[in-house]
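Labels below follow one simple rule: chain letters A, B, ... track the order of the sequence lines, proteins then strands, and each chain is numbered from 1. Please read all numbers here as calculations on a predicted model, not as lab measurements.
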Number of protein chains: 2
Amino acid sequence: MKMSTRFSDAIHILAFIVIYKEKVQLSSDTIASSIGTSPVVVRRLMAQLKKGGLLTTVPGFADPTLKKPAEVVTLLDVYLTIEGDKPLFSVDPKTNPACIVGGNIQPTLTEYYRQAEVAAKAKLQQTTLQDLIDTILVRQAEKEAGK
Amino acid sequence: MKMSTRFSDAIHILAFIVIYKEKVQLSSDTIASSIGTSPVVVRRLMAQLKKGGLLTTVPGFADPTLKKPAEVVTLLDVYLTIEGDKPLFSVDPKTNPACIVGGNIQPTLTEYYRQAEVAAKAKLQQTTLQDLIDTILVRQAEKEAGK
DNA sequence: AACTCCCGAAACTTTTTTAGTTACATGAAT
DNA sequence: ATTCATGTAACTAAAAAAGTTTCGGGAGTT
């Protein structure tokens, strides 16, 4: 299947909420227009972000807010909330256990893959939502200055 | 779609060739039995590994060999050969350019994602095929000792 | 109380990617 | 010439993600 864009869409939602706070109505319809997707997809992600402790929402009232300051929320927080323990690399789970390679490669590769994933996640943890928002606003200012 | 196991299967193939060199006939049928897949899948991966400079094969003769010593081939080498520039994280490519967030998030996230990918790849580069083979053989020895 | 707008969830469909299968061309060894 | 093998193409099946339709129920407004 296609590679999931849920992680990037969830970041988009959070950044949108911070940037447009009190500027536009933060309904799933509005956010969906920015992402270019269906409002139901946005509501699914919002429900996950809420369940993961990153967002506060109220049914019937379009006023989602971050539960923690953007300076505290990291990209890793979002990743873990949306993707959970889904690995970045997939070990073939059906190898032949009667073979020396087939019987030992799964736990072996799983460990090496885990180390690579830890490295990637450590890097995601160094970036906050505020960092991303700052960069977006700088890029936008550059666009407006370049006109 | 399901997460690809090509990367792990390709590593399996290379490890199998080193471990079983001159011990069994290294045909795609044999290797496929260890992986638990179809010989055609193995031949596709072998063709890619050959094209990527990691394997030497000859049509009509089952005698694949590593082009470089296992101590020199890294997991990153295999990843790049099999997955090429396929990213670990996917940025939604269809965001609304007329919006501040939708119009700037793609290049912004792409850069942060790239940094995380570099970290993961650096870790993959620290592991050689020989490291993996050593670990597999140690695990197998432990299994045999534990019987 | 009724209405409108909204979140959240369920069920179904569509799309995309990966793996599996079948088949064939061609090379190497016998 | 035959057998065994790699490599490739074309097609099918399976799995996952996104999109769509629908509905329940909450919050605010009238």
Side-chain angles (χ1 to χ4, degrees), chain A residues 1-10 12-13 16-17 24-33 35-52 54-65 67 81-95, chain B residues 1-10 12-13 16-17 24-33 35-52 54-65 67 81-95:
Chain A
M1 56 271 156
K2 56 188 95 168
M3 277 193 78
S4 170
T5 55
R6 286 196 299 275
F7 180 30
S8 84
D9 288 342
H12 191 138
I13 291 170
F16 190 96
I17 287 168
V24 304
Q25 190 176 40
L26 299 172
S27 67
S28 49
D29 270 8
T30 305
I31 300 174
S33 294
I35 297 180
T37 189
S38 154
V40 178
V41 173
V42 172
R43 291 202 280 273
R44 280 185 192 133
L45 290 171
M46 283 173 65
Q48 268 188 285
L49 290 168
K50 179 179 185 182
K51 197 170 285 182
L54 297 179
L55 203 59
T56 300
T57 61
V58 176
F61 200 53
D63 187 32
T65 60
K67 223 162 172 169
T81 294
I82 296 299
E83 300 294 0
D85 58 358
K86 180 192 164 197
L88 297 179
F89 307 97
S90 181
V91 178
D92 192 325
K94 289 188 288 58
T95 54
Chain B
M1 58 267 149
K2 55 185 96 167
M3 278 193 75
S4 169
T5 54
R6 285 194 301 273
F7 179 31
S8 85
D9 289 342
H12 192 138
I13 291 170
F16 190 95
I17 288 169
V24 303
Q25 192 177 39
L26 300 171
S27 67
S28 49
D29 270 9
T30 306
I31 301 175
S33 295
I35 297 179
T37 190
S38 153
V40 178
V41 173
V42 173
R43 291 202 282 271
R44 280 183 192 136
L45 289 171
M46 284 174 66
Q48 266 187 286
L49 289 167
K50 181 178 181 181
K51 196 170 286 179
L54 297 179
L55 203 58
T56 299
T57 61
V58 176
F61 199 52
D63 187 32
T65 60
K67 222 162 171 166
T81 295
I82 295 300
E83 299 294 358
D85 58 359
K86 180 190 164 199
L88 298 178
F89 308 98
S90 181
V91 178
D92 192 325
K94 289 188 286 59
T95 54

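For B:Phe16, the ring pair (Phe, Tyr, Trp, His ring centres under 6.0 Å) partners are B:Tyr20, not counting sequence neighbours.
Side chain of A:Lys50 to backbone of A:Thr56: no donor-acceptor contact under 3.5 angstrom is found. Listed for the A:Ser8 side chain is a donor-acceptor partner under 3.5 Å among the backbone atoms of B:Asp92. With hydrogens and angles disregarded, a donor-acceptor distance shorter than 3.5 Å links the side chain of A:Ser33 to the backbone of A:Asp29.
A straight line from CG of B:Asp29 to P of D:dC4 spans 11 Å, rounded to a whole angstrom. Nucleotide C:dG8 holds its P atom 11 Å from the CD atom of A:Gln48, rounded to whole Å. As a whole-Å value, the separation of B:Arg6 CZ from C:dT18 P is 5 Å. Whole-Å rounding puts the B:Gln25 CD to C:dT30 P distance at 11 Å. Across the protein-nucleic acid pair, A:Arg43 atom CZ and D:dG26 atom C1' stand 14 Å apart, rounded to whole Å. Here D:dT6 presents its P atom at 11 Å from CG of B:Leu55, a figure rounded to the nearest Å. Counting to the nearest Å, the P atom of C:dC7 and the CG atom of A:Asp63 are 10 Å from each other. The distance between atom CG of B:Leu49 and atom P of D:dT8, rounded to the nearest whole Å, is 12 Å.
In terms of phosphate contacts, A:Thr57 brings no side-chain nitrogen or oxygen within less than 4.0 Å of OP1 or OP2 of C:dC7. Look at A:Thr5 and you won't find any side-chain N or O under 4.0 angstrom from OP1 or OP2 of D:dA17. In terms of phosphate contacts, A:Lys50 brings no side-chain nitrogen or oxygen within less than 4.0 Å of OP1 or OP2 of C:dC7. Dashed line: the shortest gap from a side-chain N or O of A:Ser4 to OP1 or OP2 of D:dA18 is under 4.0 Å.
Of the candidate nucleotides C:dC7, C:dT22, C:dA9, C:dC7 has the atom nearest to the side chain of A:Ser27. For B:Val58, the side-chain atoms get nearest to C:dA28 when compared with the rest of C:dT22, D:dT6, C:dA28. Relative to the side chain of B:Lys51, the nucleotides D:dT6, C:dA19, D:dT8 differ in distance, and D:dT8 lies closest.
With no hydrogens or angles considered, a side-chain donor-acceptor pair links B:Ser27 and B:Thr30 at under 3.5 Å.
For the pair A:Arg44 and A:Ala62, nearest-nucleotide mapping onto DNA chain C gives the more 5' position to A:Ala62. Take the nearest nucleotide of DNA chain C for A:Pro59 and for B:Asp9: the residue whose nucleotide is more 5' is A:Pro59.
Within 4.0 Å (heavy atoms only), A:Ser38 reaches at least one base atom of the nucleic acid. At the heavy-atom level, B:Leu26 lies under 4.0 Å from the strands shown only through sugar-phosphate atoms.
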